[in-house]
Protein chains: 2
Amino acid sequence: MARTRAARGDGDLLRDELLDAAEQLLNEAGDERAVTIRAIVDRVGVTPPSLYRHFDSKEELIRQAVARRFGALARAIGEGAGPPAAAGDAAGALRGGCLGYLDWAASEPGGYALLFSSRRETLLSPDGPSGTEAFDALAGGIAGCQQAGVARDGDPQRMAMLVWAGLHGLGSLIGARPTIAWPPREQLVDDLLTGLVGLPPRG
Amino acid sequence: MARTRAARGDGDLLRDELLDAAEQLLNEAGDERAVTIRAIVDRVGVTPPSLYRHFDSKEELIRQAVARRFGALARAIGEGAGPPAAAGDAAGALRGGCLGYLDWAASEPGGYALLFSSRRETLLSPDGPSGTEAFDALAGGIAGCQQAGVARDGDPQRMAMLVWAGLHGLGSLIGARPTIAWPPREQLVDDLLTGLVGLPPRG
DNA sequence: ACCTGAACACCGTTCAAGT
DNA sequence: ACCTGAACACCGTTCAAGT
């Protein structure tokens, strides 16, 4: 009644609408608990049981919504790093990518937190959403800097772990402790990459 | 019936028992959602309304249980750093404190995660639990290393932010991604402090 | 094939009542 | 003063029924 009945093949449409609604609610609330099934279906205009035609459980819906958010994060990193053609400035690309990560985390603190704060099984199942591509991009960026002679020697994978940890730590702490007087994010990224990767400090 | 009736002044006893049960459940589950009021009171042997004589809400109980966990983390850092009398080895104390943090996070991944994953209002209210003492201890340890001539110059508060972020990032990522082949925690701490604070690498 | 209405067992919380 | 029994509005999920 609140919704014109869907035609035969419209299942994927409702599926997308439900994911959209879940993503919106997750971002607005920054709290998975506020994202109830009834709030999701209300926003779309259907009743709770409709959801189970497209998702096995609330768990599964949330997992897919979180996977979408990981995709958005990866895009923010890519945009910060700039076009891959501009390989002339390996250090600038690495810095830009890291800043893109941090800016994204700071701009949607609720959305960032829920990437890691949802219940553990949601995130850790083998085929669950992960930050693998982002991590590989980070390690690749560090290796690029080494080849360009602007980073110190060392295993780029291990360096990437530390940088990733630093970014993740900063991202979640900035969101969780907004009252602290954090230095500008450019400076945090610069300190991190200078210390951990050996990039020359910005002029 | 499941419990001998408490005497007059035993209110604080039940209060402590409830906090103990909440802490246990939080650690076991690593998921705040599994910690229901009914599970908590069942473990203690009372009925749900009893809880409201001691806590305004489930929220308030969880917040106090989380504050207890922050205290345990602070103790683990202190034990790792060793007795303050042993000021002869400032670098060793800083390294030990950081390793204590990381070991504690790794040994109770569920318990560590919930320090930051509980709903935001729980953690962020002005008088809520925080890691302030731990942060101050970290900045103090860095300043001590500078005075001992084993750390590079710079604002110890800013260095502490970066080290804290690195530790927090490593702590939560190690817990959240147990399948990754993480290097030994001693090495991670060493890399972090060498890069960000300028400590000489361990021999 | 797709969606609804009604019901299930659960949750946090409240209120009157017992000792 | 401290605790219980019963009830409230909510939640995720299921099942039969409608179109």
Side-chain angles (χ1 to χ4, degrees), chain A residues 1-23 25-26 28-29 31-66 114 118-122 125, chain B residues 1-23 25-26 28-29 31-66 114 118-122 125:
Chain A
M1 158 180 296
R3 176 187 169 83
T4 57
R5 178 162 286 277
R8 277 292 164 94
D10 283 3
D12 290 346
L13 204 151
L14 175 56
R15 184 191 170 79
D16 268 4
E17 287 180 306
L18 289 169
L19 280 169
D20 283 344
E23 254 189 289
L25 284 165
L26 282 166
E28 290 168 17
D31 181 354
E32 196 179 328
R33 219 179 325 187
V35 185
T36 68
I37 280 207
R38 283 166 164 90
I40 295 170
V41 298
D42 274 2
R43 187 163 288 212
V44 175
V46 291
T47 51
S50 307
L51 190 145
Y52 292 88
R53 200 142 306 260
H54 302 285
F55 303 95
D56 285 344
S57 62
K58 180 190 180 185
E59 203 59 33
E60 179 63 20
L61 193 168
I62 298 289
R63 210 182 64 169
Q64 294 195 24
V66 168
L114 76 89
S118 355
R119 55 196 304 184
R120 311 187 72 224
E121 311 88 62
T122 303
S125 67
Chain B
M1 160 183 292
R3 176 186 169 84
T4 57
R5 178 164 287 276
R8 278 294 165 94
D10 283 2
D12 289 347
L13 205 151
L14 175 55
R15 183 191 171 77
D16 268 3
E17 286 181 305
L18 289 169
L19 280 170
D20 283 344
E23 254 188 290
L25 284 165
L26 282 166
E28 289 168 19
D31 180 356
E32 195 179 328
R33 220 177 327 187
V35 185
T36 67
I37 279 207
R38 282 166 164 90
I40 294 170
V41 298
D42 275 2
R43 187 163 286 211
V44 175
V46 291
T47 52
S50 305
L51 190 145
Y52 293 87
R53 199 142 308 260
H54 302 285
F55 303 94
D56 284 345
S57 64
K58 180 189 181 187
E59 205 57 34
E60 180 61 21
L61 192 168
I62 298 288
R63 210 182 63 168
Q64 295 195 25
V66 167
L114 76 89
S118 354
R119 55 196 306 187
R120 314 186 72 226
E121 310 89 62
T122 304
S125 68

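The basis for the numbers below is simple: all heavy atoms, side chains too, and nothing from hydrogens, waters or symmetry mates. Letters go in sequence order (proteins before strands), and every chain restarts at 1.
- Rounding to the nearest 0.5 Å gives a distance of 12.0 Å between CZ of B:Arg15 and CG of B:Asp20.
- By the 4.5 Å heavy-atom criterion applied to side chains, B:Leu18 and B:Leu14 are counted as neighbours.
- Within the 4.5 Å cutoff, side-chain heavy atoms of A:Glu60 are placed close to those of A:Ser57.
- For the pair B:Thr47 and D:dT4, the criterion of a side-chain N or O lying under 4.0 Å from OP1 or OP2 is met.
- A:Glu17 CD to A:Leu13 CG: the interatomic distance, rounded to the nearest 0.5 Å, is 5.0 Å.
- B:Leu51 places its CG atom 8 Å from the P atom of C:dT13, with the value rounded to the nearest Å.
- For A:Pro49, the side-chain atoms get nearest to C:dT4 when compared with the rest of C:dC3, C:dT4, D:dA6.
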Sub-3.5 Å pairs of nitrogen or oxygen atoms, protein against nucleotides 8-12 of chain C:
{"unit_1": "C:dG12", "atom_1": "OP1", "unit_2": "B:Ile37", "atom_2": "N", "d": "2.9"}
{"unit_1": "C:dG12", "atom_1": "OP1", "unit_2": "B:Lys58", "atom_2": "NZ", "d": "3.1"}
{"unit_1": "C:dG12", "atom_1": "OP2", "unit_2": "B:Ile37", "atom_2": "N", "d": "2.9"}
{"unit_1": "C:dG12", "atom_1": "N7", "unit_2": "B:Arg38", "atom_2": "NH1", "d": "2.5"}
{"unit_1": "C:dG12", "atom_1": "O6", "unit_2": "B:Arg38", "atom_2": "NH2", "d": "3.3"}

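- The CZ atom of A:Arg15 sits 13 Å away from the P atom of C:dC3 (whole-angstrom rounding).
- Straight-line distance from the CZ atom of A:Phe55 to the C1' atom of D:dT13: 16 Å, rounded to whole Å.
- Nearest heavy-atom pair across B:Ala22 and B:Leu61 is CB-CD2, 3.3 Å.
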Legend entry - Dot-bracket line, read 5' to 3' along DNA chain D, where crossing pairs take [ ] and | marks a partner on another strand, Watson-Crick or G-U under 3.5 Å: ||.|||||...|||||.||
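- Residue A:Leu19 comes nearest to A:Ala65 through the heavy atom pair CD2-N, 3.7 Å, listed as atom of the first residue, atom of the second, then distance.
- Atoms NE2 (A:His54) and P (D:dT14) sit 15 Å apart, rounded to a whole Å.
- At whole-Å resolution of the value, CG in A:Leu13 and P in C:dA1 are 19 Å apart.
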Please report, to 0.1 Å, the donor-acceptor pairs under 3.5 Å made by any side chain of residues 36-47 of chain A, with sequence neighbours excluded.
{"unit_1": "A:Thr36", "atom_1": "OG1", "unit_2": "A:Ala39", "atom_2": "N", "d": "3.0"}
{"unit_1": "A:Arg43", "atom_1": "NH1", "unit_2": "A:Gln24", "atom_2": "OE1", "d": "2.9"}
{"unit_1": "A:Arg43", "atom_1": "NH1", "unit_2": "A:Glu28", "atom_2": "OE2", "d": "3.1"}
{"unit_1": "A:Arg43", "atom_1": "NH2", "unit_2": "A:Glu28", "atom_2": "OE1", "d": "3.3"}

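- Separating the CD atom in A:Gln64 from the NE2 atom in A:His54 is a distance of 11.5 Å, to the nearest 0.5 Å.
- Per the geometry, CG belonging to B:Leu14 stands 9 Å off P belonging to D:dT4, to the nearest Å.
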